[in-house]
Amino acid sequence: MAVIQKHGKNSSPDLAFHKENLQPDNIGAPGCHKKWSDAHSNWPRPVARIWTVVLLLGTCLLYCARVAMPICAVSMAEKFNWTKRESGMVLGSFFWGYCFTQVFGGYVSDRVGGEKVLLLSAAAWGSMTAFTPILGHLCSQPIFSMTLARFLMGLLQGVHYPSLASLCSQKVVESERGFLMSTVGSGSYLGTLVIGGVGSLMLDLYGWESVFYVSGLLSVIWAYCMWKYLLNGEGPIITLESLGNGGTQSKRSKRHWGRLLKQPAVCAVIVTHLCTASTFFTLLSWLPTFFKDTFPDAKGWVFNVIPWLVAIPSSLFSGCLSDHLICQGFDTTSVRKLMQFFSMGVSSVFTVLLCGNTTFPWAVAFVSATMGLTTFSHSGVSLNVQDLAPSCAGALFGIMNTCGAFSGVLMVYFSGYLIEATGSWGSMFALITTVNLMGLFTFLAFAEARRVDIESSRVRHNSIHI
């Protein structure tokens with residue numbers, strides 16, 4: 001692991017030069033000049049704190065809406081006489097839609113602002129969630145309407161995290177990004193806990209429809225409040241001109257993206273995020289089965305709740321620690337590597353401990369430590385993309401997330417094959433450890449925090465336009 005080096009807060013000549021001298025030139029699509037002037041008007045700290053709370057709540061509601069279908073899957077299968085294969089088809093259709101809009105959502109966010117994309121998508125997926133029971137009852141073939149609804153949910157929610165990355169890179173100063181992204185990221189764990197507890201209670205008392213109605217309406221209300229009070233009621237207008245669809249611009253974009261994706265630091269964040277996402281999806285998918293098979297008499301709520309309760313404060317702590325180290329003058333690259341070392345390196349120690357024979361309390365403790373340390377990536381690789389390419393952080397994060405989602409599904413399937421072939425859960429945990437260490441070594445070797453989305457040959461260091 002790289003040694004953390006301390007330097008003065010303004011000791012980076014490139015960073016100081018860009019902050020003071022970066023000016024748009026006449027190259028680029030119409031609308032680029034306005035975007036880049038806006039991108040360098042960072043939120044004041046009180047405004048950033050308000051946005052942090054709002055985005056935390058939005059991410060919590062995002063997961064409430066996302067997990068509503070898995071929570072209600074058994075009741076819906078009984079209602080509509082679905083087989084397990086049909087239930088799996090409905091649940092799996094979300095993933096395919098989720099992958100397709102990652103890059104597009106990030107691209108649009110980089111061009112017009114992440115807050116606009118977040119607002120439009122939240123209003124859309126919130127409405128879709130609320131109308132899901134109606135579609136199920138009105139359609140003569142509920143399996144098709146629910147599969148389509150789930151696919152559209154994936155399409156609409158796929159833009160959320162790339163939009164967050166774009167918004168954070170444009171509006172939040174470097175020394176405060178860790179707190180915002182780690183706090184907002186903890187909303188996913190909070191939402192999973194809320195819908196798992198409150199949603200299950202509503203399911204028993206009022207039926208499966210109530211889970212969709214409440215989570216969908218709350219999401220729409222959140223979007224309205226964000227539009228009314230944070231965006232001052234201004235319409236999120238997205239025009240073709242603002243997206244920069246000129247032919248000359250398109251050719252320039254391809255050249256710049258080709259140069260960007262050849263940078264070792266960019267390849268490192270993509271590979272590392274791919275490894276992080278793959279191992280996280282695998283743990284998320286197989287841990288409940290692991291506990292049920294290994295400890296059949298254990299209480300389900302213990303291993304389904306405690307790891308997420310640990311993950312929330314762990315995520316918040318990692319963000320605060322990251323920002324504190326940067327404010328103290330430590331090198332940004334070293335801080336990002338340190339956070340990723342905890343996320344993939346230290347967590348692997350506890351994953352390896354799960355390979356042997358252990359008691360239920362120790363297994364819960366090891367899993368909780370693993371999930372808690374994994375959240376440190378919110379202040380590691382997830383933020384590093386904003387260090388490298390703030391002008392196109394949303395689109396680049398979309399590429400990372402798409403790769404991570406596809407590889408995650410493949411690793412979940414491969415893990416199931418290993419478990420069945422070897423008859424041991426240790427093979428899955430060994431695979432997770434191996435993938436984690438591969439991603440960690442890649443990040444430690446090639447990660448940087450300097451900007452690479454700029455033309456080094458230009459005196460003015462103009463930004464890449466996409």
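A side-chain donor-acceptor contact under 3.5 Å links Ser121 to the backbone of Leu118. For the pair Asn436 (side chain) and Gly345 (backbone), a donor-acceptor distance under 3.5 Å is absent. With hydrogens and angles ignored, the 3.5 Å screen pairs a side-chain donor or acceptor of Gln340 with a backbone N or O of Val381. The backbone N or O of Gly380 lies less than 3.5 Å from no partner atom in the side chain of Ser377, so there is not a single donor-acceptor pair. Within the 3.5 Å criterion, the main-chain N or O of Arg336 finds no donor-acceptor partner in the side chain of Asn384. With hydrogens and angles ignored, the 3.5 Å screen pairs a side-chain donor or acceptor of Ser347 with a backbone N or O of Ser343. Between the Ser166 side chain and the Pro162 main chain, no donor and acceptor come within less than 3.5 Å of each other. Ser379 places no side-chain N or O within 3.5 Å of a backbone atom of Phe376 that could act as its donor or acceptor partner. The backbone N or O of Leu354 lies less than 3.5 Å from no partner atom in the side chain of Thr358, so there is not a single donor-acceptor pair. Panel note: side chain Thr183, backbone Leu316; no donor-acceptor pair is recorded below 3.5 Å.
Heavy atoms of other residues, nucleotides or ligands lying less than 6.0 angstrom from CZ of Phe295 number more than 12. Heavy atoms of other residues, nucleotides or ligands lying less than 6.0 angstrom from CG of Asn357 number 12 at most. The environment of Phe446 atom CZ is sparse: at most 12 non-hydrogen atoms of other residues, nucleotides or ligands sit within 6.0 angstrom. Counted within 6.0 Å of CZ on Phe151, heavy atoms from surrounding residues, nucleotides or ligands total more than 12; the atom is thus considered enclosed. Dense packing is recorded around CE of Met89, with more than 12 heavy atoms of other residues, nucleotides or ligands lying under 6.0 Å away. Summarising the local packing, CZ of Phe80 is surrounded by more than 12 heavy atoms from other residues, nucleotides or ligands at distances under 6.0 Å.
Classification of the Trp208-Phe212 ring pair by plane angle, with boundaries at 30° and 60°, yields perpendicular. The aromatic rings of Trp43 and Trp51 lie parallel to each other, with less than 30° between the two planes, well short of the 60° mark. Ring-plane geometry between His378 and Tyr189 is classed as tilted, the angle between the planes lying from 30 to 60 degrees on a 0 to 90 degree scale.
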If you apply the rule side chain to side chain contact (heavy atoms under 4.5 Å, CB included), what do you find for Arg66 with Ser188, and how did you get there? CA-CA 10 Å; Arg66 181 181 300 185; Ser188 60; over 6 Å; no
Verify side chain to side chain contact (heavy atoms under 4.5 Å, CB included) between Thr132 and Arg150, making sure each step is shown before the conclusion. CA-CA 9 Å; Thr132 296; Arg150 193 68 179 161; over 6 Å; no
Step-by-step side chain to side chain contact (heavy atoms under 4.5 Å, CB included) determination, Leu155 to Phe100: CA-CA 7 Å; Leu155 283 177; Phe100 289 147; 4.0 Å; yes
Start with the C-alpha gap between Phe95 and Val409, add the side-chain angles, then the distance that decides, and say whether side chain to side chain contact (heavy atoms under 4.5 Å, CB included) holds. CA-CA 9 Å; Phe95 158 76; Val409 170; 3.3 Å; yes
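Of the N and O atoms on the side chains of Thr375 and Ser315, not one donor lies less than 3.5 Å from an acceptor on the other residue. Looking at Thr351 and Thr433, their side chains never bring a donor and an acceptor atom within 3.5 Å of each other. Residues Ser215 and Thr129 bring no donor and acceptor atom of their side chains to less than 3.5 Å of each other.
Minimum interatomic distance between Gly105 and Val117 (heavy atoms only, all atoms of both residues): O-CG1, 4.4 Å. When all heavy atoms of Ala393 and Ser169 are compared, the pair lying nearest together is CB-OG, 3.6 Å. Considering all non-hydrogen atoms of both residues, Ser368 and Val310 come closest at O-CG1, 3.6 Å. Smallest separation of non-hydrogen atoms from Ala223 and Ala122: CB-CB, 4.1 Å. Listed here is the closest heavy atom pair of Pro133 and Glu209: CB-CG, 3.7 Å. Nearest heavy-atom pair, Val269 versus Met400, reported as atom, atom and distance to 0.1 Å: O-CE, 3.9 Å.
Under the 4.5 Å side-chain criterion, counting only non-hydrogen atoms from C-beta, Ile195 is not in contact with Tyr63. A heavy-atom distance below 4.5 Å is found between the side chains of Leu431 and Phe414. Between Leu437 and Met344, the closest side-chain pair of non-hydrogen atoms is not below 4.5 Å. Side-chain atoms of Leu283 and Phe429, non-hydrogen and from C-beta on, do get closer than 4.5 Å to each other. Contact annotation: the side chain of Ser109 never approaches that of Leu167 to less than 4.5 Å [non-hydrogen atoms, C-beta and beyond].
Here the rule is side chain to side chain donor-acceptor pair (under 3.5 Å) with His160, and of Asn401, Thr101, Thr59 only Thr59 fits it.
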